[in-house]
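Just so it is clear: chains get the letters A, B, ... in the order the sequence lines come, proteins before strands, and each one is counted from 1.
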Amino acid sequence: MKDALTELLLTALAKLVDDGTLPEKPAVTPQLDHTKDPSHGDLATNIAMVLAKQAKRPPRELAALLVAALPPNSLIDRTDIAGPGFINFFLSQASNTQAIRDVLAAGDQFGESNIGQGRKVQVEFVSANPTGPLHVGHGRGAAIGDSLCRLLTATGWSVHREFYYNDAGQQIQNLALSVQARALGKTPEDPDWPSDGYRGDYIIDLANAFMAQESVSAADREITASGNADALDDIREFAVAWLRREQDADLKAFAVIFDEYFLESSLYSEGAVEQAVSALERNGHTYEDGGALWLRSTAFGDDKDRVMRKREGGYTYFVPDVAYHLNKWQRGFERVINEQGADHHSTITRVRAGLQGLDAGIPSGWPEYVLHQMVTVMRDGAEVKLSKRAGSYVTLRDLIDWVGRDATRFFLSARAATSQLTFDVDLALSQSNENPVYYIQYAHARVCSVKQKALGLGGDWTPEAGLAHLDSLQESEALTLALTLGRFPEVVAGAAQRLEPHDIANYLRDVASELHSFYNAHKVIDEAAREVSLARLALLEATRQVIANGLALLGVSAPESM
RNA sequence: GCGCCUGUAGCUCAGCUGGAUAGAGUACCUGACUACGAAUCAGGCGGUCGCACGUUCGAAUCGUGCCAGGCGCGCCA
């Protein structure tokens, strides 16, 4: 719809260039916006104000010339010149209801596009180390990252979902020592409990499973415990697999899947870390000082230079990260998006600096980052800080257990990632009009119910039959809704382009609201008025489809009854 | 002290690649079920868009400076 109107405007502009009103072909394509106020029409453009200066005419006069130059068409009912020089377009009834045809024709593919043209993009998200259950921050990352993947897929990208973790570092050593201590009957209160040990109750379960020689299989590994409490390597390996399995269970409950799990340890074992370091040395971006090897990251915009190899020999944490990203680049991902908590934002400059220093032809803004701010959980009017199981933090599993998967996903992805998020457990739990998830799902279920009733009448009481009578849709509520449905592809494309899944949640709120308004104002099934009834049925089915498609992008279910 | 994010209605938040009287939910008040799902709808109340300058025909949106909150500033990961 927007595109068709843009074409008309371009034709009109070309005509004005021909007759000398405009000195040259405008460099910008006209901007068309959906209006907030119905008295401003359905779509509006500010192009006359933008071009007023070079046309050397007042905006309103230019607008009038532009309107006069519009080719004849069936899209526009009438136009209006308003305010300082806006051109308002009032769409024809047929344009308004076109979306209904489009939706029913495309079905669950409505909203999709081929903007990505099949190009590869890798999205790394969650990337939790296997030292404990996933916390709410990981949950936010999982919800946002997964929705980003769905949005990118819907817009024609070939998406690779990756989870990166460290299975061999100091934190894992602390984990193994903690499990061993539990296996030997110690508690965190004992004086010889490992310093920096993990204190959560899950360590007890883990130790018991190890001693019972249990077998565990996670998405990317499986192992049987030796049950030998003296064998720290055995414990380490088992603990990692056990926690990976735990995390997989949580991710599965959250409907989040990955194509690949990438181990930090593999970067060492396959020499990728050493190769990256040598390349940086060879390119002259390093120097030694105080027994350590430094990266001259200030040459790439960092505040200060960073230590790469510590005096005692080990590499600092960002070095394998550089090697990892070089690996991503070498795998052919010219586009990479990392979704992570904002508390790690300081690594961005370092990793990019390291990548630049490799002289591997990597663009300076690569990879892209989506950072989410912190989540605080509120319940009964107070902040919840502890989980029984994990001890020091609220887990993703806690949230799912409390409010269910749909509400958890919706709440975690319905806000801009850049905003701190307050997760109100009581609100997410309420089965009432207070809860936006139910509000949207209710709209879907309501349509399903009406559709069932219509289909029960037999004959041609189907949404498809209504397509022949769309011109009988005349009420403002119906036309408003139809126009909103037609915006869905733009909304999806915009959310994917800006990497902002919360746009979808906001849009669905609007759709549900307009559906409910229409529904309350007009009876859908009236056997005495077949044509308009069938047309309304088609409108409802199109609405249902758009809600289902939108919820799918958020990983939220679209129930037929509630 | 430095960097990043945030500051919009009592509360939770949209709007932020500049556009027309600043939106939604919630809370509060008033109405609507002998109707296909009232988990709904209609109406009302409620805002110096943190503050101040600046750019612009036009600023919540862009720039600068303050103020407030969060996160990060390790030879920890």
B:C36 phosphate, OP1 or OP2, under 4.0 Å from A:Lys451 side-chain N/O: no
message: Let's test your reading of the model: under 3.5 Å, does the base of B:G72 pair with the side chain of A:Asp343 as donor and acceptor?
response: no
message: With no hydrogens and no angle check, just 3.5 Å: does a side-chain donor-acceptor pair link A:Tyr287 and A:Asp305?
response: yes
message: Taking B:A14 as the reference, what is the distance to B:G25 when you measure between their C1' atoms (whole Å, please)?
response: 10 Å
message: Once hydrogens and angles are ignored, does a donor-acceptor distance under 3.5 Å link the base of B:A39 to the side chain of A:Tyr442?
response: no
task: Would you indicate what A:Ala521 reaches in the nucleic acid, counting non-hydrogen atoms under 4.0 angstrom: base, sugar-phosphate, or nothing?
output: nothing
message: Check this one for me: any side-chain N or O of A:Ser419 less than 4.0 Å away from OP1 or OP2 of B:A14?
response: yes
message: Among B:A35, B:A14, B:C75, which nucleotide has an atom closest to any side-chain atom of A:Lys523?
response: B:A35
message: Expressed as a whole number of angstroms, how long is the span from A:Met562:CE to B:G37:P?
response: 14 Å
query: Taking N and O atoms by type only, does the side chain of A:Asp424 place a donor or acceptor under 3.5 Å from a partner on the base of B:U12?
result: no
query: Are A:His40 and the base of B:A20 stacked, counting only ring centres nearer than 5.5 Å and planes tilted under 30°?
result: yes
task: Compare side-chain N and O positions of A:Tyr519 against OP1 and OP2 of B:A32 and report whether any pair is under 4.0 Å apart.
output: no
